[in-house]
Structures are given as structure tokens and as C-alpha cells.
K.L.:
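Sending over a structure as C-alpha cells; questions will come in a sec.
Atoms within a ligand are numbered from 1 in the order they appear, just like the ligands themselves. All values below come from the heavy atoms of this structure, side chains included, with hydrogens, waters and symmetry mates left out.
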Amino acid sequence: MHQDVQEILFSLEEIQHRTRKLGEQISRDYAGKTLILVGLLKGSVPFMAELMRYLTVDVRIDFMNVSSYTGAQSGQVVIKKDMEQDIAGKDVLIVEDIIDTGNTLYNIKKMLEERKCASCKIVTLLDKVESRTIDIQADYVGFDIPNAFVVGFGLDFDEKYRQLPYIGILKKECYE
Ligand code: PRP
């Protein structure tokens with residue numbers, strides 16, 4: 001375990017097992033269809049790589065990178081890198097590592113729906129329900145988590161810890 005991690009919440013085996021279940025469910029739900037997976041950079045990368053291994057439907061992948069502002073411009077989401085594919089008439093599944101306030105996904109989902117996709121759903125590895133300030137729910141959730149500072153498996157603090165092969169709680173002294 002990394003010295004800055006206080007406790008492991010989900011091991012690699014637990015993440016893989018749960019992701020396989022999600023992949024099987026998504027494959028059943030989209031049977032016979034083509035699915036466009038849209039990963040939100042950068043946190044979703046390990047989860048997306050894991051999830052797509054378990055999808056048996058026809059899949060295309062794409063990525064977006066967005067940033068959301070706090071303070072004066074709170075709530076505003078700006079696209080830093082847009083996806084490349086035209087999603088009009090297509091089934092889209094947004095892939096996230098974590099939903100916190102819900103602000104990012106609320107705005108991204110709205111943007112993608114305005115592009116006239118046939119459907120737009122959300123899969124997230126982690127759901128921090130207690131922190132939600134905007135009413136948005138994922139269609140597929142890996143794990144509900146408490147309001148703790150989590151890192152690993154794509155999740156960072158100051159761009160660190162993304163490579164850890166588990167989800168852990170960061171020690172307080174590392175971010176306070
Ligand atoms: C994180 C995470 C979500 C968002 C969730 O991204 O990946 O996109 O924050 O927070 P919200 O529900 O309060 O909007 P971040 O902006 O840290 O970028 P990253 O994926 O590059 O770490």
C-alpha cells in the first residue's frame with residue numbers, strides 16, 4: 001500500500017469483479033446495438049479500459065476533457081477537448097470515475113443530448129451520493145462511497161496517485 005494511503009476501500013480484485021458485473025449488465029441492456037463510450041479525461045481511463053473488456057456489444061470509444069469552475073463562475077463547464085465522433089442518432093454511454101457534486105455530468109449530459117444522440121446514459125465507478133448538490137443519477141454505479149478523499153484507479157490528488165491499482169482513502173496530512 002502507498003505510504004500516503006490510510007486505508008484501501010476497494011482492491012483491484014473487487015474493482016474487476018464489480019466492473020465485470022457492470023459490463024455484463026450493459027451488454028444485456030444494449031444487445032444488438034452499437035454503443036459509443038465517452039470517457040471523461042483523465043480519471044476515467046483505467047475504469048474505461050477495464051469496462052470495455054467485458055462488453056460484448058459493438059463498441060466505439062471516444063474521449064472528452066472538460067473543466068468546471070468554482071467561485072464566481074461556479075457550475076460552468078468548459079470543453080478543453082471535445083469528442084471526435086458525430087453522435088446524432090447514436091447510443092452514448094458516458095464513462096466516469098466518480099460523481100461528486102454532479103455538476104460535471106449534469107452539464108456534459110445536457111451537451112451531448114443537445115447533439116441529438118438517440119440515448120445518453122452514465123456509468124460511474126464511484127458514486128459519492130452525500131456530496132450531491134445537483135440532482136443527477138448514474139444509470140450504472142460500481143460502488144457507493146462515503147464522503148472521503150479517495151485516490152487511485154484514475155483518481156488523483158494534485159495529479160498524483162492515478163496509477164494505484166486500488167481505490168484508497170488519502171491520509172489527511174497529504175491534502176490539509
Ligand atoms: C473529477 C471526476 C469528475 C468530476 C466529478 O474530475 O473525474 O469528472 O471531478 O465532480 P463533480 O461531480 O463535482 O462535477 P476532475 O475535474 O478532477 O478531472 P480528472 O478526471 O482529470 O481528475
K.L.:
Which residues pass the side chain to side chain donor-acceptor pair (under 3.5 Å) test with N147, sequence neighbours left out?
P.N.:
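If we apply the side chain to side chain donor-acceptor pair (under 3.5 Å) test to N147, skipping adjacent residues, the hits are S131.
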K.L.:
Can you list, by chain and residue number, every protein residue with a non-hydrogen atom closer than 4.0 Å to ligand 1?
P.N.:
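Lining ligand 1: L41, K42, G43, E96, D97, I98, I99, D100, T101, G102, N103, T104, D156, R162.
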K.L.:
Taking the basic N atoms (NZ, or NE/NH1/NH2) and the acidic carboxylate oxygens, is any pair closer than 4.0 Å for K171 and D4?
P.N.:
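No, K171 and D4 are not salt-bridged.
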K.L.:
For Y166, which residues count as a side chain to side chain donor-acceptor pair (under 3.5 Å) partner, sequence neighbours excluded?
P.N.:
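For Y166 there are no side chain to side chain donor-acceptor pair (under 3.5 Å) partners, ignoring immediate neighbours.
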K.L.:
Give every residue pair that meets the salt bridge (charged side-chain N to carboxylate O under 4.0 Å, His left out) criterion with at least one member in residues 50-66, sequence neighbours excluded.
P.N.:
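Non-adjacent pairs meeting salt bridge (charged side-chain N to carboxylate O under 4.0 Å, His left out): E50-R53, D58-R60.
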K.L.:
Any ion pair linking R132 and D127 (charged N to carboxylate O, less than 4.0 Å)?
P.N.:
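Judged by the 4.0 Å cut-off on N to carboxylate O distance, D127 and R132 do form a salt bridge.
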K.L.:
Mind checking whether Y30 and Y140 have parallel, tilted or perpendicular rings, split at 30° and 60°?
P.N.:
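Rings of Y30 and Y140: tilted, as their planes differ by 30° to 60°.
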